[in-house]
There are 2 protein chains.
Amino acid sequence: MSSNDLDTKRERIVEAAGELFAERGFEATTVRDICQAADANVAAVNYYFGDKQRLYVEAVVRAHRWRMERVKLPEWSVDTTAEQKLADFIKTFIRRVRSGPGDTWHTRLIMREIGNPSAACAELVQSSIRPQFEILLSILGELLPDETDAQKLRLTAFSIVGQCLFYHFADPVIRNLLNDEEYAALEIEKLADHITQFSMQSFKHRIRSDRAGAKR
Amino acid sequence: MSSNDLDTKRERIVEAAGELFAERGFEATTVRDICQAADANVAAVNYYFGDKQRLYVEAVVRAHRWRMERVKLPEWSVDTTAEQKLADFIKTFIRRVRSGPGDTWHTRLIMREIGNPSAACAELVQSSIRPQFEILLSILGELLPDETDAQKLRLTAFSIVGQCLFYHFADPVIRNLLNDEEYAALEIEKLADHITQFSMQSFKHRIRSDRAGAKR
DNA sequence: AATTGATTAAAACAACTGTTTAAAACTAGT
DNA sequence: ACTAGTTTTAAACAGTTGTTTTAATCAATT
């Protein structure tokens, strides 16, 4: 009974492992902790996955797939404005990055892998991050003047992505910096609106592109 | 001889430890590795610092002090424009955050502590990050219209800091994403100029503050 | 009921972890 | 030269790590 269901022992182990890896990192998570959380014997990890390392990459890959399936970019028709596309991109990106209160471990594990990249990171970039980055570049290509060079386009993309990622990577600091009320006010919708607005306003000034170079 | 010099065994251990902690993190760094790198006996860590944990926080504190001494905000006169202050702030912030090629371990260790915060993080926020954040808020207070509320001010500060921090936290991804030539083009001066320009342009549009909320 | 194969369980493995011990080596001050 | 204090060393400690081994248990087929 139930060979595909998520209640097989193998599944339970990846799930428990993913959660613990996301919480404590690879080194600090012991095989024994994982097996105890999955209600399995110590030998189960090696039986099913060979070793701890391969269990880890399986958890990362699964987390990534799960996250991509869940939160997707909306479908765009031919007459969707570039501004609208950017707003959608930013909102989706923040949703993917910022782990809400009732959230699963998937996002945190991927973000940890990006922060402390192992071998699985390079593959993650190729299969997922790069195409997303290309989408953003094409949107910016529509928004910025045609003569904008590739370097400027890239820097602008980084400025947008950086604003979004900040709320993940700096989260512990933000929590220390703000009081509870201020922190709670950082809802995903509000963040996305602000970043979209902040960035769009910047584009509308792209006439005189250099700014007197700040004294020096 | 030489009680204050940096060639005492104690100094060599903190130095070696900081480098290894910055490179591999706390868990993955062994006391034996540290002592071997410092050319000391295994017992040296416990003799001088009590235990591994206390050696770690000493390394973090020292790294932070070192970084703060090295790269400082310039002195501002009464007639320095807010725009100039912002440019200075961004350039200094990036210098503090982005570890150049011939760089020491100090920056990386602090960034790691922020990413995987231990007990030392809260103190770091209070003693250093918060005052820096206040400075940025006061600059933005000059640049933005008077009626701007505190929340908007905070979000704007996050947008700027986020753009800067991106080049640290996403560095491994960026390296994978760009080719060598493109990556090498990301010099600190250029990044700072772009971020300053991108942000300043955004401020000059602060007349109509809401932007039709992006359909939904 | 017996056989086959996959799964689980308990125990042991060797290697490594941070830390301690106790003796040696060194460095002054007298 | 002796001594008191600090520093360094080698060895051992107790605990944990990932992994293996070997046997027991289970589920289904014959």
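Worth knowing before you read on, the calculation uses all heavy atoms, side chains too, and leaves out hydrogens, waters and symmetry mates. Note on naming: letters A, B, ... go to the chains in the order of the sequence lines (proteins, then strands), and numbering restarts at 1 for each one.
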Phosphate oxygens OP1/OP2 of C/dT8: is one of them under 4.0 Å from a side-chain N or O of A/Asn41? no
Whole-Å distance, A/Asn46 CG to D/dG18 P, equals 9 Å
Donor-acceptor under 3.5 Å (A/Glu83 side chain, A/Met200 main chain): no
Can you tell me the distance, in whole Å, between the CG atom of B/Asp33 and the P atom of C/dA15? 18 Å
Can you tell me the distance, in whole Å, between the CD atom of A/Gln36 and the C1' atom of D/dG18? 17 Å
Quick one about B/Glu113 and B/Tyr56 (side-chain donor to acceptor, distance below 3.5 Å, no hydrogens or angles considered), yes or no? yes
Which of parallel (below 30°), tilted (30 to 60°) and perpendicular (above 60°) describes B/Phe169 and A/Phe169? parallel
Sugar-phosphate only, base, or nothing, as touched by B/Ala44 at under 4.0 Å among non-hydrogen atoms: nothing
Provide, to the nearest angstrom, the distance between the NZ atom belonging to A/Lys9 and the P atom belonging to C/dT7. 12 Å
Taking only the side-chain nitrogens and oxygens of B/Tyr47, find out if one of them lies under 4.0 Å from OP1 or OP2 of D/dT8. no
Judged by nearest nucleotide, the residue sitting upstream toward the 5' end of DNA chain C, A/Arg32 or A/Ala40, is A/Ala40
Can you tell which of A/His106, A/Glu15, A/Glu11 makes a side-chain hydrogen bond (donor to acceptor under 3.5 Å, both in side chains) with A/Arg62? A/Glu11
A/Phe26 vs A/Phe21 aromatic rings, parallel, tilted or perpendicular, using cut-offs 30° and 60°? parallel
Quickly work out the A/Lys52 NZ to D/dT20 P distance and round it to whole Å. 14 Å
Between OH of A/Tyr56 and C1' of D/dT17 the distance, given in whole Å, is 18 Å
Rounded distance in Å - CG (A/Asp51) to P (C/dC13): 22 Å
Sugar-phosphate, base or nothing in reach of B/Tyr48, heavy atoms under 4.0 Å: sugar-phosphate
Among D/dA10, C/dA10, D/dT8, the one nearest any side-chain atom of A/Ala43 is C/dA10
Against the side chain of A/Val42, the closest entry in D/dT19, C/dG18, D/dT17 is D/dT19
Over how many whole Å does the gap from B/Phe26 atom CZ to C/dG18 atom C1' extend? 9 Å
